[in-house]
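I am attaching a structure below and will ask some questions about it afterwards.
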Amino acid sequence: MILKKDFDPIRAYQQFDTLYINTPRYAEVNNALEESLSLMLRSTGLDRRNLLITGDPGMGKSLTLKRFMERLNAEAKKRNPGALLVLYVCTPEDTSLKAMSTALLVALGDPFAGKATHYVQMIRVRKLMDELGVI
């Protein structure tokens, strides 16, 4: 391996998890995500849509979804700096309703996440999602 004179190993290590290889399978999954988003945006219903991605541990579900979300949110922020188009929340599979609503509020930036009942929290979740433009 030939290293450039300005190669910084510390910076390379810090950026390591942002590097990825766009394999044909990754492109296929990303295209399916794009198609799902397109269908959702064309739907006439006002209900929120959810996307469930399943697979064995270590297959790259979370990383793929995070990259997809970051790209969409970056594009949305160009048009509206306060926008949050896609919300990503990771919780344990046996989470309670209150823990789920708290996690949603944390992801939405609510300073009072964890306060109040699950029902009241979900009202705040809905309000914040509307304000931020979450689809």
Side-chain angles (χ1 to χ4, degrees):
M1 178 194 316
I2 300 173
L3 298 178
K4 294 181 180 179
K5 289 182 181 183
D6 62 345
F7 177 76
D8 180 357
I10 294 172
R11 182 180 162 133
Y13 176 76
Q14 291 169 337
Q15 293 179 336
F16 181 75
D17 67 345
T18 64
L19 303 174
Y20 64 96
I21 298 170
N22 194 1
T23 64
R25 180 69 179 138
Y26 176 81
E28 184 181 327
V29 169
N30 201 48
N31 288 341
L33 288 171
E34 292 282 353
E35 186 176 333
S36 296
L37 179 65
S38 178
L39 288 170
M40 181 176 50
L41 291 174
R42 287 194 312 254
S43 79
T44 57
L46 296 176
D47 290 337
R48 297 287 189 259
R49 304 287 188 222
N50 295 291
L51 176 63
L52 174 66
I53 298 178
T54 62
D56 293 330
M59 296 300 294
K61 300 177 298 293
S62 297
L63 188 58
T64 299
L65 211 53
K66 284 180 186 176
R67 286 194 179 119
F68 185 72
M69 175 203 68
E70 287 168 358
R71 185 178 57 79
L72 290 176
N73 285 339
E75 290 173 10
K77 286 182 186 298
K78 288 177 186 173
R79 294 185 298 274
N80 176 4
L84 179 65
L85 193 63
V86 180
L87 182 64
Y88 176 86
V89 178
C90 186
T91 60
E93 60 186 64
D94 61 345
T95 192
S96 67
L97 292 175
K98 172 123 185 197
M100 176 59 83
S101 57
T102 298
L104 287 166
L105 286 171
V106 167
L108 290 164
D110 187 313
F112 303 107
K115 308 286 187 214
T117 65
H118 163 69
Y119 177 76
V120 172
Q121 284 183 322
M122 288 308 295
I123 291 171
R124 290 199 332 250
V125 165
R126 183 66 158 198
K127 181 176 182 274
L128 284 169
M129 288 177 77
D130 288 340
E131 288 174 5
L132 295 171
V134 174
I135 58 169

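Note that the structure is predicted; figures quoted are calculated from it, not measured.
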Review point. Minimum heavy-atom separation for Q121 to T102, with atom names?
Key: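 In terms of heavy atoms, the two residues are closest at NE2-OG1, 3.1 Å.
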Exercise for review: Just do the side-chain contact (heavy atoms from CB on, under 4.5 Å) check on V89 and V106 with the steps written out, would you?
Suggested key: CA-CA 9 Å; V89 178; V106 167; over 6 Å; no
**Study point:** Distance in Å, E28 CD paired with L33 CG, rounded so as to fall on 0.5 Å steps
**Key:**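 Nearest 0.5 Å value for the CD-CG distance: 11.0 Å.
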**Study point:** Single-linkage hydrophobic cluster, 4.5 Å side-chain cutoff, L104 and L97 together
**Key:**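 L104 and L97: separate clusters.
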Check your understanding: With a 4.5 Å limit on heavy-atom distance, are the side chains of D130 and R126 in contact?
Key ->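 Touching, per the 4.5 Å side-chain cut-off.
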Practice item. Would you name the heavy atoms of F112 and R124 that are closest together and state the gap between them? Key: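 So the minimum-distance heavy-atom pair works out to O-NH2, 2.8 Å.
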Exercise for review: Check whether more than 12 heavy atoms from other residues, nucleotides or ligands sit under 6.0 Å from atom NZ of K61, and answer yes or no.
Suggested key: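 Buried by this count: over 12 neighbours within 6.0 Å.
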**Study point:** Pair Y88-S62, side-chain donor/acceptor within less than 3.5 Å
**Key:**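 There is such a pair between these side chains.
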Check your understanding: For M122 and S101, which heavy atoms make the closest approach, and how far apart are they?
Key ->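 Looking at all heavy atoms of both residues, the closest pair is SD-CB, 3.5 Å.
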Point to revise | Straight-line distance of E35 CD to N31 CG, nearest 0.5 Å | key: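 Spacing of CD (E35) from CG (N31) equals 8.5 Å.
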Exercise for review: Determine, step by step, whether K66 and E70 satisfy the salt bridge (charged side-chain N to carboxylate O under 4.0 Å, His left out) criterion, reporting the C-alpha distance in whole Å, the side-chain angles of both residues, the deciding distance to 0.1 Å, and the verdict.
Suggested key: CA-CA 6 Å; K66 284 180 186 176; E70 287 168 358; over 6 Å; no
**Study point:** Test log, rule side-chain contact (heavy atoms from CB on, under 4.5 Å), inputs L87 and L132
**Key:** CA-CA 10 Å; L87 182 64; L132 295 171; over 6 Å; no
